[in-house]
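Below is one structure; the comments refer to it alone.
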Amino acid sequence: MVVKSADSKGGKQAKERITISFCASAVGEKLKPLMIWKSKTPRCFKGKDISRIGIHWKSNRKAWMTTAIFEEWLMDFDQKMAKEGRNALLVLDSATCHKH
């Protein structure tokens, strides 16, 4: 998602980016969303424990999904499924961050 500032004048418009990744099953089970933004500790969450607000929070300079972030999420997903004794079919697109 790219949000352009309405008050930018001339030249390039200011952009704020955030990446949100969702994972849900066909029967409606949902995992915590993965959110990626530029800041490790955003001001809007000042004084809050990000791990307790129901999302997985990651950050990088461009707020993009990277291979490292995706691999970490995938390992967590795999461990969760193994712990529950479940098998899963994960359907992904051909984004460059998805390891082949």
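Between R17 and A63, the shortest heavy-atom contact is O-CB, 3.4 Å. When all heavy atoms of S59 and S39 are compared, the closest pair comes out as CB-O, 3.5 Å.
Here ring pair (Phe, Tyr, Trp, His ring centres under 6.0 Å) pairs that include residues 46-69, with residues two or more places apart or in two chains, are F45-W57. Counting only residues at least two apart or in different chains, salt bridge (Lys or Arg N to Asp or Glu O under 4.0 Å) contacts with residues 61-77 comprise K58-E72, E71-K99.
In the hydrophobic clustering of this structure, L74 groups with L92; members are Ile, Leu, Val, Met, Phe, Trp, Tyr whose side-chain heavy atoms approach within less than 4.5 Å, directly or through other members. Taking hydrophobic clusters as Ile, Leu, Val, Met, Phe, Trp and Tyr residues chained together by side-chain heavy-atom distances below 4.5 Å, I36 does not share a cluster with I55. Linking ILVMFWY residues whenever their side-chain heavy atoms come closer than 4.5 Å, directly or via other members, leaves W73 and F22 in distinct clusters. Side-chain heavy atoms closer than 4.5 Å link hydrophobic residues (I, L, V, M, F, W, Y) into clusters, and following such links, even through other members, never connects I20 to L31.
The salt bridge (Lys or Arg N to Asp or Glu O under 4.0 Å) search around K38 returns E16, not counting sequence neighbours.
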- [ ] Output, in order, the C-alpha distance, side-chain angles, deciding distance and verdict of side-chain contact (heavy atoms from CB on, under 4.5 Å) for C97 and T66.
- [x] CA-CA 5 Å; C97 62; T66 63; 5.6 Å; no
Open item on the list: Please evaluate residues M65 and L34 with respect to the criterion side-chain contact (heavy atoms from CB on, under 4.5 Å), reporting the C-alpha separation (whole Å), side-chain torsions for both, the decisive distance (0.1 Å), and the verdict.
Closed with: CA-CA 10 Å; M65 177 69 80; L34 171 65; 3.5 Å; yes
Only distances under 3.5 Å count here; give the side-chain donor-acceptor pairs of residues 77-87 to other protein atoms, sequence neighbours excluded, each with its distance to 0.1 Å.
{"residue": "K80", "atom": "NZ", "partner": "E84", "partner atom": "OE2", "Å": "2.7"}
{"residue": "E84", "atom": "OE1", "partner": "R86", "partner atom": "NH1", "Å": "3.0"}
{"residue": "R86", "atom": "NH1", "partner": "E29", "partner atom": "OE2", "Å": "3.3"}
{"residue": "R86", "atom": "NH2", "partner": "E29", "partner atom": "OE1", "Å": "2.8"}

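Here the straight-line distance linking atom OG of S25 with atom CG of L89 works out to 12.0 Å at 0.5 Å rounding.
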